[in-house]
Amino acid sequence: MADNIEQSNKEQAEGDVGEITPKSEDFSRWYIDVVRRAELADYTPVKGCMVIRPYGYGIWENTRDRLDAQLKATGHQNAYFPLFIPEGHLQREAEHVEGFAPEVAWVTHGGNNELEERLAIRPTSEAIINSLYSKWVRSWRDLPILINQWANVVRWEKVTRFFLRTTEFLWQEGHTVHATEEDAEEETLRILEIYRSLIEEDLAVPVITGLKSEGEKFAGALRTYTLEALMGDGRALQVGTSHNLGQNFSKAFNIRFEDKNQELVYAWTTSWGVTTRLIGAMVMTHGDDQGLQLPPRVAPYQVVIVPIPGKQFEETVLPAARSLRDMLATAGIRAHLDDREEHTPGWKYNEWELRGVPLRAEIGPRDVKKEQAVLVRRDNREKAFVSLETVTEVATEILESIQADLFERASTFVAANTRTAADYDSFKEIMDGPRGFIEAPWCGDEANEAQRIQEDTSATIRCLLADRKPDGGCVICGKPAKHVAIFAKAY
RNA sequence: CGGGGCGUAGCGCAGUCCGGUAGCGCACCUGCUUCGGGAGCAGGGGGUCGGAGGUUCAAAUCCUCUCGCCCCGACCA
């Protein structure tokens, strides 16, 4: 007993570093520790709902701005639809209601009066948006309609986790209407590619893209395309979906138009979304035992400047640090000067590494004399002494290099954890061991085979590789395979 | 929603078995000295022990109920 107390006192005496559980010891705890210590999010008095704190929200704003620009560039416009959906509207598409029913939150009263018709708090907006589209679409000349909405949605989840699954979350949802099936399919794939570039190039999170199986597709969709990322604990995380809804919703909501042949026909619709879950994916992909690691393109601060105190601090070092900040800002770099007097430089180094700032600039009395700054990378701690004359160019280059290296490192991990399984025994062995992605041929039998594999191994079909032809028999039953599937245990 | 664990100062915990005026480290406040990898000394402030009932002269501690969080399983971005 005395030993335990001594032990715990010793650990405490070593400082705050121990506040983050090592990644290898307990991945889930590590994730929660990083999210809280980096001040991305915190718990609230509302069960299942988190607050996204300014630093975390800054990441979301940068992510959002990048995606928004891409959507605008491809002809989409933003709009805003009601938070409430009348119950009758939600029920118009049968599969859709059934899919979402268990997780809808209902408004039953306005003030003290019970409502005649309950209002759903949107779990997604197909129902409300498509009902309006039916008013707006008359002629082929009205198409396509390309609308996106940035909004919050609510899904009554039983188990929640910061960013990955919360009762309320932020997202964008695009809803488009097209004249032909080909146009709708083209839109669905165009968005998939925009998502891929956002997630891989801006968030530096590698993904596998593909088609959802019938059992996993969006409720009411004809086809669902997905982007799947692999987390450090060997589990897959769906980070975006793009749905070709076919004519299911246009029929349910009566979206018809007169085509060039003067025929009244149903339109083709799509919907697609990414959420604040992207932040969780990024944390888990790049973080380490020191804490968070942010890709420069979405980091709220790309460079943090830590001035080193000494004699004549106010007269020499501090002005130099301010001027460095201004130079970086002028060059378009998001730079933050940490001029707090209550912390030592060493403390600040640790703090900003924990918060994932990609690049640190130190400037002290010696640097002022030499007219230089010291640049230190968060990812590998590589140090560079750089003349103030070229510091913005060098910093820009290093940030680009960090962006590329983060993606590279993550890709190496995914490649090392993507395995093929020739037979069911080796499949089970992988899922018992390191998990990760398993690529294997699959016969397409949902009811029996896909369920069996989940019961046996807890893996599910994450996606079907659209451009790959299977050779050999189904990994589960041995019957002729129809698809090459990616299996994994999902979040 | 089932199984397990945890709620004591901002954070991490001890104290609970065996009831008796709530403690430690870090953080915070004041002052001085410091500052190139989580500074030192001195002084100081802060807690309805998750919540509600109950037992008792007396409850963080015992009993009942309840809420929240975490982990593992079944459903979802």
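Convention: sequence-line order gives letters A, B, ...; per-chain numbering from 1.
The pairing partner recorded for B:G46 is none, the criterion being a Watson-Crick or G-U wobble arrangement whose two distances lie under 3.5 angstrom. Nucleotide B:G23 has B:C13 as its partner under the Watson-Crick or G-U criteria, with both atom distances under 3.5 Å. Applying the Watson-Crick and G-U wobble criteria (two distances, each under 3.5 Å), B:G2 pairs with B:C72. Shown here, B:U55 forms no base pair; nothing in the strands shown gives a Watson-Crick or G-U wobble contact with both key distances under 3.5 Å. Partner assigned to B:G31 is B:C41, using Watson-Crick or G-U wobble distances below 3.5 angstrom.
Per the stacking criterion (ring centres < 5.5 Å, plane angle < 30°), A:F169 stacks onto the base of B:A77.
A:K158 places its NZ atom 6 Å from the C1' atom of B:C1, with the value rounded to the nearest Å. When rounded to the nearest whole Å, the span between CZ of A:F385 and P of B:G36 equals 15 Å. A straight line from CD of A:E168 to P of B:C76 spans 21 Å, rounded to a whole angstrom. The CG-P distance, from A:L237 to B:C76, rounds to 15 Å in whole Å. A:D26 has its CG atom 12 Å from the C1' atom of B:G5, to the nearest Å. When the P atom of B:G7 is taken as reference, atom CD1 of A:I32 falls 16 Å away, rounded to whole Å. Atom CG of A:D42 and atom C1' of B:G68 are 13 Å apart (whole Å). The distance between atom CD1 of A:I191 and atom C1' of B:A77, rounded to the nearest whole Å, is 17 Å.
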Summarise how protein sits on nucleotides 47-52 of chain B as a single string, 5' to 3': B when a protein heavy atom is under 4.0 Å from the base, S for sugar-phosphate-only contact, - for no contact. ------

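For B:C76, the base has a donor-acceptor partner in the side chain of A:R165 [N/O atoms by modelled type, under 3.5 angstrom].
Two residues, A:V374 and A:E216, neighbour RNA chain B, and the one matched to the more 5' nucleotide by heavy-atom proximity is A:V374.
For the residue pair A:Y424/A:D456, the side-chain donor-acceptor check at 3.5 Å is satisfied.
Comparing the C1' positions of B:A14 and B:U61 gives a spacing of 14 Å, expressed to the nearest Å.
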Test side-chain contact (heavy atoms from CB on, under 4.5 Å) on A:V207 and A:R196; report intermediate values, then the result. CA-CA 7 Å; A:V207 289; A:R196 190 208 56 76; 4.0 Å; yes

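Considering only side-chain atoms of A:E353, the nucleotide from B:C76, B:G37, B:G36 that sits closest is B:G37.
A side-chain donor-acceptor contact under 3.5 Å links A:K212 to the backbone of A:R462.
Contacts of A:R340 with the nucleic acid, taken as non-hydrogen atoms under 4.0 Å apart, are absent. Across all strands, A:E103 comes closer than 4.0 Å only to sugar-phosphate atoms, never to a base (heavy-atom distances).
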